[in-house]
Amino acid sequence: MDLGSPGEKYRLAVLNTEASWAAFDPRAYVDANYRVLQHEDAEIISIMRDHFGDCFREHYQDHDPVVGIDVAAGANLYPALAMLPWCKEITLVERSPANLAYLESQLESYDENWDQFWAALCQNAEYRAYDGDPREMSREVVRVESGNLLDVDLGGQQGPWSVGTMFFVAESMTTSYEEFGRVVAFFMRALAPGAPFFAAFMEHSKGYHVGDQFFPACDVGELEIRQSLEPFAGREEKLRIRRLPHPMNLREGYSGMIVAYGCRN
Ligand SMILES: C[S@@+](CC[C@H](N)C(=O)[O-])C[C@H]1O[C@@H](n2cnc3c(N)ncnc32)[C@H](O)[C@@H]1O
């Protein structure tokens, strides 16, 4: 067992394997978080669409479509939608059988609630210029893969993915700082040199409920996030970190959200 985090020495430690991922209820999660576009997600989307829009306009304009990855996609489709205009394939890796089934159920034609997220992305001209039907393109491009982010060989590998996202994952699956760091490293090592990435974190999360089920979280702030990403994304020029204050506390037990984005070094 992990002995807990600095400042929270007596909190119950829960490693990733000890949480009931099979009991993660994707419908309850979507209802609580993504049925309606929340203020915080709209803010995250506004930063992400400009980041990806700028990166692909500057560096990838004349290139063939790329391959993207969203790690531990859970029951959230908007990171995949954010990569859609530039990808010939997007892999959604996930461990929970319930979330895998949800993601599979969205492949043929995703639910209407995701339309508002696509509309928010389309406030950026790069997304507006995309002339495909996002449902049709998702059907062709998105694939779902069962995988455990902590059960992979990280022996110096450099992944094939040219764009990647990780939303509320490394800090929202364990109380352990060691496991948090391994998952961030897995995500960054999956990316090819120069690949644009975007990650979102709950700040100082104490854990969270999905329906009646409680899941662990690792209490991280800007410092831990920066330290975990810097080896893979360099300093200021390649790594940007922003804290998003949240006027409405819609999700329990945390003090804000932090987004980190840039390009793999
Ligand atoms: C808080 S949810 C985030 C889901 C989604 N990315 C989002 O933005 O809402 C954490 C996700 O991590 C997944 N997960 C937990 N441990 C995992 C592991 N070892 N490997 C892969 N996925 C894992 C869970 O099943 C869940 O979908």
Side-chain angles (χ1 to χ4, degrees), residues 14-38 40-45 48 68-83 90-106 110-111 113-114 117 142 144-154 164-176 178-187 189-190 197-203 205-211 213-220 244 250-254 257-261:
V14 181
L15 293 178
N16 182 254
T17 49
E18 296 168 328
S20 309
W21 299 110
F24 197 106
D25 179 346
R27 294 285 165 187
Y29 188 71
V30 169
D31 285 346
N33 297 298
Y34 303 128
R35 187 64 58 203
V36 174
L37 174 60
Q38 316 269 12
E40 292 161 312
D41 294 297
E43 209 175 342
I44 290 173
I45 286 172
M48 177 165 58
I69 184 167
D70 181 38
V71 301
N76 183 4
L77 291 192
Y78 84 73
L81 291 175
M83 295 185 277
I90 299 172
T91 301
L92 310 183
V93 182
E94 174 52 53
R95 168 182 182 163
S96 156
N99 284 338
L100 286 164
Y102 173 82
L103 293 169
E104 295 279 358
S105 79
Q106 299 297 299
Y110 58 72
D111 292 345
N113 62 300
W114 299 111
F117 293 84
V142 177
V144 176
E145 191 174 308
S146 173
N148 183 340
L149 307 181
L150 286 163
D151 190 20
V152 283
D153 175 17
L154 295 179
T165 49
M166 179 174 73
F167 273 62
F168 315 122
V169 173
E171 82 297 357
S172 294
M173 57 192 281
T174 177
T175 60
S176 157
E178 193 270 332
E179 290 189 331
F180 166 79
R182 275 167 62 198
V183 171
V184 172
F186 168 82
F187 171 57
R189 287 189 174 128
F197 68 88
F198 198 99
F201 303 86
M202 309 300 285
E203 181 191 52
S205 175
K206 310 287 181 253
Y208 58 102
H209 279 98
V210 179
Q213 189 70 41
F214 189 72
F215 291 97
C218 182
D219 180 353
V220 296
L244 307 178
L250 293 166
R251 292 168 172 119
E252 67 185 305
Y254 69 101
M257 290 186 185
I258 292 177
V259 293
Y261 54 104

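In this text, all values refer to a predicted model and were calculated from it rather than measured experimentally. Both counts, for ligands and for their atoms, begin at 1 and track the order of listing.
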Self-check item: Residue list, ring pair (Phe, Tyr, Trp, His ring centres under 6.0 Å) with Tyr261, at least two apart or on another chain
Solution: His51, Phe198
Quiz item: For ligand 1, which atoms, with element, lie under 4.0 Å from some heavy atom of Met173?
Solution: 15 (C), 16 (N), 17 (C), 18 (C), 19 (N)
Self-check item: Tyr34: numbered ligand 1 atoms lying under 4.0 Å from its heavy atoms
Solution: 7 (C), 8 (O), 9 (O)
Quiz prompt | For atom 13 (C) of ligand 1, the protein heavy atom that lies nearest, with its residue and separation | solution = Glu94 OE2, 3.5 Å
Exercise. Report yes if the side chains of Thr174 and Val183 come closer than 4.5 Å at any heavy-atom pair, otherwise no.
Key: no
Quiz item: Tell me, do Val259 and Met48 make a side-chain contact under 4.5 Å, heavy atoms counted?
Solution: no
Quiz item: Who are the side chain to side chain contact (heavy atoms under 4.5 Å, CB included) partners of Ser172, not counting sequence neighbours?
Solution: Phe168, Met202, Tyr208
Practice problem: Check whether any side-chain heavy atom of Gln213 sits under 4.5 Å from a side-chain heavy atom of Asp25, and report yes or no. | Solution: no
Quiz item: Looking just at side-chain N and O atoms, do Tyr34 and Asn76 make a donor-acceptor pair shorter than 3.5 Å?
Solution: yes
Practice problem: Could you tell me which non-hydrogen atom of Glu94 sits nearest to which non-hydrogen atom of Leu103, and how far apart they are? | Solution: CB-CD1, 4.1 Å
Quiz item: What protein heavy atom is closest to atom 8 (O) of ligand 1, reported as residue, atom name and distance in Å?
Solution: Asn76 ND2, 2.9 Å
Practice problem: Record the part of Phe215 in heavy-atom contact with ligand 1 below 4.0 Å; permitted values are side chain, backbone, both and neither. | Solution: neither
Quiz item: Any chance the side chains of Asp111 and Gln106 put a donor and an acceptor closer than 3.5 Å?
Solution: yes
Exercise. Please verify whether a non-hydrogen atom of Pro79 lies at under 4.0 Å from ligand 1.
Key: no
Practice problem: Tell me which protein heavy atom sits closest to atom 23 (C) of ligand 1, plus the residue, atom name and distance to 0.1 Å. | Solution: Arg95 CB, 3.6 Å
Practice problem: Check whether any N or O atom of Ala72, backbone or side chain, sits under 3.5 Å from an N or O atom of ligand 1, and answer yes or no. | Solution: yes
Self-check item: atom 3 (C) of ligand 1 - nearest protein heavy atom and its distance
Solution: Phe168 O, 3.3 Å
Quiz item: Going by the order shown, which atoms of ligand 1 are within less than 4.0 Å of some heavy atom of Gly74?
Solution: 4 (C), 27 (O)
Self-check item: ligand 1 atoms in contact with Ser96 (distance to a heavy atom under 4.0 Å)
Solution: 25 (O)
Quiz item: Which atoms of ligand 1 have any heavy atom of Gly147 under 4.0 Å away?
Solution: 20 (N), 21 (C)
Quiz item: Applying a 4.0 Å heavy-atom criterion (strictly less than), which segment of Asn16 is in contact with ligand 1: side chain, backbone, both, or neither?
Solution: side chain
Quiz item: In terms of atom number and element, which parts of ligand 1 are under 4.0 angstrom from non-hydrogen atoms of Asn148?
Solution: 18 (C), 19 (N), 20 (N)
Exercise. Report yes if Leu149 has an N/O atom closer than 3.5 Å to an N/O atom of ligand 1; otherwise report no.
Key: yes
Quiz item: Is there a side-chain contact between Trp21 and Asn16 (heavy atoms, below 4.5 Å)?
Solution: yes
Practice problem: Verify ring pair (Phe, Tyr, Trp, His ring centres under 6.0 Å) between Tyr29 and Tyr102, making sure each step is shown before the conclusion. | Solution: CA-CA 11 Å; Tyr29 188 71; Tyr102 173 82; 9.3 Å; no
Practice problem: Measure the shortest side-chain to side-chain distance between Phe201 and Met166 over non-hydrogen atoms and say whether it is less than 4.5 angstrom. | Solution: yes
Quiz item: Would you say Phe167 has any N or O atom under 3.5 Å from an N or O of ligand 1, going by distance alone?
Solution: yes
Practice problem: Looking only at distances, please establish whether an N/O atom of ligand 1 is found under 3.5 Å from an N/O atom of Tyr29. | Solution: yes
Self-check item: Beyond-backbone contact of Ile44 with Phe167, side-chain heavy atoms, under 4.5 angstrom
Solution: yes
Quiz prompt | Heavy-atom nearest neighbour in the protein, as seen from atom 5 (C) of ligand 1, with distance rounded to 0.1 Å | solution = Ala73 O, 3.1 Å
Quiz item: Looking at Trp21, which atoms of ligand 1 are within less than 4.0 Å of one of its heavy atoms?
Solution: 15 (C), 16 (N), 24 (C), 25 (O)
Quiz item: So, is Ser172 polar-close to ligand 1, with some N/O to N/O distance under 3.5 Å?
Solution: no
